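Remember, predicted model here, so these are calculated numbers, not experimental data. Just so we're on the same page: letters track the sequence lines, and every chain starts at 1.
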There are 2 protein chains.
Amino acid sequence: MKPVTLKQIAETLGISITTVSKALKDYPDVSKKTKRLVKDLAETLNYKPNAFAVNLRTRESKTIGLIIPEVVHHFFSNVVKGIIAQAEKKGYLVIILQSNESYELEKKQINLLLSKQVDGILISIANGTADFSHLQTAMENDVPLVMFDKIAKIVNCSKIIIDDRKAAYTATKHLIDSGCKKIAHFRGPLMPQNSIDRFLGYKKAIEDHGMLYDSSLVYICEKVNFDEGKLFAQRLVKNHKDVDGIFINGDLVAVGAISALNELGVSIPDQISIVGFSNWFMSSAITPSLTTIDQPGYKMGKKAFKLLYKELKAKKRKQEILPQTVELETTLIKRNSTK
Amino acid sequence: MKPVTLKQIAETLGISITTVSKALKDYPDVSKKTKRLVKDLAETLNYKPNAFAVNLRTRESKTIGLIIPEVVHHFFSNVVKGIIAQAEKKGYLVIILQSNESYELEKKQINLLLSKQVDGILISIANGTADFSHLQTAMENDVPLVMFDKIAKIVNCSKIIIDDRKAAYTATKHLIDSGCKKIAHFRGPLMPQNSIDRFLGYKKAIEDHGMLYDSSLVYICEKVNFDEGKLFAQRLVKNHKDVDGIFINGDLVAVGAISALNELGVSIPDQISIVGFSNWFMSSAITPSLTTIDQPGYKMGKKAFKLLYKELKAKKRKQEILPQTVELETTLIKRNSTK
DNA sequence: GTTAATTTCGAAAACGTTTTCGATGTAAAA
DNA sequence: TTTTACATCGAAAACGTTTTCGAAATTAAC
């Protein structure tokens, strides 16, 4: 009934617990004969080491924590998938927590993970997070921390990101190159660095190409969803009839905008061209298909874990490691919403 | 540098480890004075109990495992969200694994979770799973198991499901009630019970209402994605010009079908009415908006954890508990793809 | 004043593993 | 023979907590 222990194996074999333990782990100071004996008996008794005891002894649990703002999200769920896949490869399990874009929750969850003594933490910070002491706490407690996508530059840890500014620049430039003369921007909320950077990339592209930056052409999406895309597209064609291109932060918003424009009889890309951001799987399916920036979520997840793994390894060897920032390539995917 | 232990508190206070431990847990046989002393010192030293030691001693980790076929999936990600939310409320953390619809992986992951000694397991089984001995193993090892959505009837554990057959019947009947005379069905793969039940509900509704069941009107989706919806819709209008209604397993497939029909100039719902399944968030956004069956993923997640929690509690009290099957209500959401 | 009841404490075992270090015994080298 | 080397084992400490049980100290009862 009760699980088999080293002690039981030792007793039935008439040897010590020490030798059993060492035999199972192929220590050199155990004879081949006893190794066989031990391993065979362990096999037939279906011995499984008590994970709790191993954790206590080795001071690690081969488990990491992951905090993301939202689970039901096409980008983040791809990241999660990448992290889980890579972690499993290396024998690690992943505990997932959701911050709901709330600083308070995020803080609580960091503490929760610390109290559970996860070996490391992966996090994409909430929009509401401006204070980072909880992250510092984690690092001071000697648990490696890696941030991805939504990062805090000020925190001295490894990070994995994309160049939002450059990507937005590329997207906007593509609109310009395809002949757009007046380009609007549906941006994300004011707080997170991502939407700031994407806005800045848009603005720079505009100014670099002899166009006038007009703040009335910038709409702020708070929820970054379909309905906002629809709403702002309707407002845009009403207020600025001469706009012929929109760079939109988020494919979901862009799809909403396309939907509204289709209903209004505005032809895409002839009258208005659209570029989205993130390459959602539906973006290639709608009509017209959406030109967008591919944001490699799965890859980012894998890379994020790899970075954390490096730190875990280094910590085990008691080596200091310098935090590094990895930048993933984004690519412009040209489809039918631009010329 | 090193974390504070009970021992340190005991030594600085000149009392025993026992008393410190009991003081912190408000045992009645510790005086109020020493309780204050201990708690204050623990506070100032920022004492955090060593989770590994607690786990070993109490034989539980307040962690459960979750296995789903796919993380990047609108229904499952909602379930995950519900599970995490409910688990956090009760002080449990969730380790997530993805089976990729593979029996082999699923089996491996069950064993992984068992070796990590999670307190319980939540699972939605893979399409490829026909043998259930790995699940039996879990239950024999005395770790509570609850299945949700994609279940195996034969396994004697608690389950949380919807009545797929009834829901499909309702969906099909709605098509009939709104005047459809010849109704097709895009079903899911042959294996999983869900798509079988939904097919059976469709068939029964057809036969109950004096219509002829025609197997050539049933298309089998293997991948259950947008492209299949598009493809089968195209085939359908080509081969069966008189079909005026389709019940489609999966909103994603349905959206694909709508897209194809729109392109072909087939008007929805005038020429063909469509009912989907699961109420994806995009289904209300497309044109025409999609009539569908709401499948309450978030609620299912919460309920699934609640069931597991009950079993965990019962196990702690060494009570036997009878497995129960909870059925969640589904509702027909009428939109513009049906009359 | 003794006995009984009550309050307060701590020694010690237990959870199951890992690892250090010393103790054997045996074979090879001198 | 003695010395050296090597192979094989096990005792014991350690990881940090929880909990049982008995002992001591204090108070109440008589």
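For A/Ala53, the side-chain atoms get nearest to C/dG16 when compared with the rest of C/dC15, D/dG10, C/dG16. In this structure, the nucleotide among C/dG10, D/dT17, D/dA11 sitting nearest to the side chain of A/Ser16 is D/dA11. Comparing D/dT18, D/dG16, C/dC15 by their nearest atom to the side chain of A/Arg59 picks out D/dG16.
Within the structure, every pair that satisfies the side-chain hydrogen bond (donor to acceptor under 3.5 Å, both in side chains) test and touches residues 296-312 of chain A, not counting sequence neighbours, is listed here: A/Ser158-A/Glu311. Among residue pairs with one or both ends in residues 106-145 of chain B, those qualifying as ring pair (Phe, Tyr, Trp, His ring centres under 6.0 Å) are B/Tyr103-B/His134; sequence neighbours excluded.
Contacts of A/Thr18 with the nucleic acid, taken as non-hydrogen atoms under 4.0 Å apart, include base atoms. Residue B/Asn50 is classed as a sugar-phosphate contact, given heavy-atom separations below 4.0 Å to backbone atoms only. Counting non-hydrogen atoms under 4.0 angstrom, A/Tyr27 reaches the backbone sugars and phosphates but no base. Within 4.0 Å of A/Ser21, counting heavy atoms only, lies at least one base atom of the nucleic acid.
A donor-acceptor contact under 3.5 Å links the side chain of B/Lys22 to the base of C/dG10.
A/Ser16 and A/Thr19 form a side-chain donor-acceptor contact under 3.5 Å, judged by distance and modelled atom types alone.
Rounded to whole angstrom, the span from the CG atom of A/Asp29 across to the P atom of C/dA23 amounts to 16 Å.
Remark: side-chain polar atoms of A/Asn46 are not paired, donor with acceptor, to backbone N or O of A/Ala42 under 3.5 angstrom.
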